[in-house]
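Read the numbers this way: they start at 1 and go in the same order the structure lists the ligands and their atoms.
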Amino acid sequence: MEHPENSEEYKGLTVNAGIEQPSIVNPYLKLRKKPKRREFTVDEYVQGIVQGNMTVLSQAVTLVESTKPEHQAIAQEVIEKCLPYAGNSVRIGISGVPGAGKSTSIDVFGLHVLEKGGKLAVLAIDPSSERTKGSILGDKTRMEKLSVHPKAFIRPSPSAGSLGGVARKTRETIILCEAAGFDKIFVETVGVGQSETAVHSMVDFFLLIQLAGTGDELQGIKRGIMEMADGIVINKADGNNIEKAQLAASHFRNALHLFPTPDSGWTPKVFTYSGFYGLGIKEIWDMIDEYFVFVKTNGYFEYRRNEQAKYWMYESINEHLRDSFYNNPTIETMLAAKERDVLNGQVTSFVAAKHLLDTYYQLLK
Ligand code: GDP
């Protein structure tokens with residue numbers, strides 16, 4: 001290489017040519033190929049799941065969560081074939097704001113229900129998981145004891161984008177878990193509103209975790225969420241917080257009295273407990289057991305599941321129609337232009353929508 005420093009002008013300064021840099025990759029390193037995960041056939045998936053094989057179950061759930069059409073096709077077949085083995089479980093939704101103590105509580109609730117035998121799956125619905133790159137709900141590290149329990153299966157929220165998509169995947173995962181012999185299903189969600197409705201549409205019992213505040217805790221919680229609850233539990237009733245928690249419980253009891261009796265005929269109960277110290281756990285679960293006896297006797301259990309099945313049929317139709325419309329290449333290109341026209345006031349929203357839909361229907365012909 002030419003070194004200008006070696007020219008006559010710069011007497012007294014010489015620069016050697018230098019040596020070539022060695023490769024940054026160790027030449028002796030043998031690149032080991034990552035073992036390719038074996039692809040199962042639909043029947044192998046179903047067989048593995050029904051036999052309770054956790055590895056196969058996990059892989060099947062990954063397929064359910066995948067957005068690839070070829071994965072979805074297999075997943076749907078697997079779900080279909082698992083359906084006859086599913087349904088035999090109690091499904092419990094657990095909701096609360098961040099910090100309410102969901103993971104601490106699920107850890108102790110989980111151990112409590114597993115004492116009587118059976119298997120528990122903890123799933124989650126967190127529509128923000130795509131934005132935050134991974135859900136913190138249903139995260140194994142947050143449930144120390146359950147995560148090492150051989151009879152527990154913990155799966156964080158799928159990050160499918162829309163709440164509807166996330167919820168559908170969780171609902172499908174419930175079917176796979178049940179087929180794998182999980183007779184207790186917890187579905188965790190953050191207490192922020194819409195995700196509760198989604199969870200409510202797939203569980204038999206909805207448990208709301210609350211904290212004692214300054215006496216006005218009822219203000220922050222939406223009436224709609226309270227109306228969905230089959231049980232409200234006030235966490236962190238320990239130390240010098242016990243009295244506050246009991247006061248909060250009586251506020252909730254009073255508020256619930258003002259609501260009409262739910263369709264189930266079950267009056268929601270309010271308890272205080274401490275997830276951290278494991279206090280009051282038995283009382284909560286005795287109440288939940290009592291609920292199941294109650295609704296199985298009066299037929300509401302069956303009714304609610306049927307209603308949910310109906311709801312999910314319509315949800316699926318809606319989702320498919322929406323996807324088919326918005327993913328249509330012609331519509332995709334037209335949308336931006338139409339949006340501009342609407343913003344410029346050149347056409348009304350309704351005319352633009354009609355034009356787009358008419359085009360879509362024409363394309364279907
Ligand atoms: P999550 O965000 O709802 O899952 O809440 P966590 O389970 O992570 O709990 C949030 C914080 O509250 C943690 O620091 C817990 O240790 C604490 N915590 C949870 N349950 C209790 C309880 O029963 N009593 C007390 N004092 N603290 C608790």
Side-chain angles (χ1 to χ4, degrees), residues 92-114 120-129 131-149 152-159 166 170 184-196 198-200 203 205-215 217 220-222 225-226 228-249 251-252 269-288:
I92 294 165
I94 298 176
S95 178
V97 294
K102 290 180 295 303
S103 45
T104 313
S105 306
I106 291 174
D107 215 23
V108 285
F109 291 163
L111 290 184
H112 182 83
V113 298
L114 283 172
L120 166 72
V122 180
L123 312 176
I125 291 187
D126 178 4
S128 69
S129 62
R131 249 178 297 128
T132 53
K133 291 290 166 232
S135 169
I136 51 154
L137 295 184
D139 183 348
K140 286 185 183 190
T141 53
R142 294 163 61 238
M143 296 160 199
E144 280 174 28
K145 297 191 195 81
L146 267 192
S147 59
V148 292
H149 197 293
F153 176 74
I154 303 176
R155 188 87 187 186
S157 174
S159 50
V166 175
T170 302
K184 295 159 188 85
I185 313 275
F186 288 177
V187 185
E188 181 188 7
T189 195
V190 174
V192 285
Q194 279 188 319
S195 48
E196 271 81 6
V199 174
H200 190 250
V203 298
F205 185 95
F206 191 82
L207 186 70
L208 188 60
I209 299 182
Q210 289 290 312
L211 291 177
T214 47
E217 52 270 9
I221 133 163
K222 294 198 184 75
I225 296 179
M226 256 181 90
M228 270 188 261
D230 299 298
I232 295 179
V233 286
I234 323 286
N235 191 17
K236 309 195 187 182
D238 46 50
N240 50 19
N241 205 27
I242 295 182
E243 243 170 67
K244 261 202 265 172
Q246 279 165 353
L247 188 66
H251 281 152
F252 276 108
K269 303 241 172 4
V270 183
F271 285 90
T272 60
Y273 78 109
S274 166
F276 191 80
Y277 295 99
L279 305 169
I281 310 297
K282 185 178 178 302
E283 287 74 7
I284 295 174
W285 287 89
D286 285 351
M287 178 262 290
I288 295 176

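- In terms of modelled atom types and a separation under 3.5 Å, the side chain of N241 and the main chain of K236 share a donor-acceptor contact.
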Under 3.5 Å, which donor-acceptor pairs link side chains of residues 273-282 to any protein atom two or more places apart or in another chain?
unit_1 : atom_1 : unit_2 : atom_2 : d
Y273   : OH     : S105   : OG     : 2.7
S274   : OG     : D238   : OD2    : 2.6
S274   : OG     : Y277   : N      : 3.1
K282   : NZ     : D286   : OD2    : 2.7

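- For ligand 1, the atoms lying closer than 4.0 Å to a non-hydrogen atom of P98 are 2 (O).
- With a 4.0 Å cut-off on non-hydrogen atoms, I209 does not touch ligand 1 at all.
- Against a heavy-atom cut-off of under 4.0 Å, S103 is close to the following atoms of ligand 1: 4 (O), 6 (P), 7 (O), 8 (O).
- Remark: distances from the non-hydrogen atoms of A100 to ligand 1 include one below 4.0 Å.
- Each of the following atoms of ligand 1 lies closer than 4.0 Å to a heavy atom of K102: 1 (P), 2 (O), 3 (O), 4 (O), 5 (O), 7 (O).
- Residue V97 places a heavy atom less than 4.0 Å from ligand 1.
- Not a single salt bridge (charged side-chain N to carboxylate O under 4.0 Å, His left out) links D107 to another residue, sequence neighbours left out.
- Atoms of ligand 1 found under 4.0 Å from any heavy atom of D238 (numbered from 1 in listed order, with element): 22 (C), 23 (O), 24 (N), 25 (C), 26 (N).
- Residue E243 qualifies as open at atom CD: its count of foreign heavy atoms under 6.0 Å is 12 or below.
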Evaluate the side chain to side chain contact (heavy atoms under 4.5 Å, CB included) criterion for residues F206 and I94: first the C-alpha distance (whole Å), next the side-chain angles of each, then the deciding distance (0.1 Å), finally the verdict.
-> CA-CA 6 Å; F206 191 82; I94 298 176; over 6 Å; no
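- The backbone and the side chain of T104 each have at least one atom closer than 4.0 Å to an atom of ligand 1 (non-hydrogen atoms only).
- Residue-ligand proximity, S274 to ligand 1, at heavy-atom distances under 4.0 Å covers atoms 22 (C), 23 (O), 24 (N).
- The aromatic rings of W285 and F109 sit perpendicular, their planes meeting at an angle over 60°, well past the 30° parallel limit.
- Using modelled atom types, one side-chain atom of K102 and one backbone atom of G96 make a donor-acceptor pair closer than 3.5 Å.
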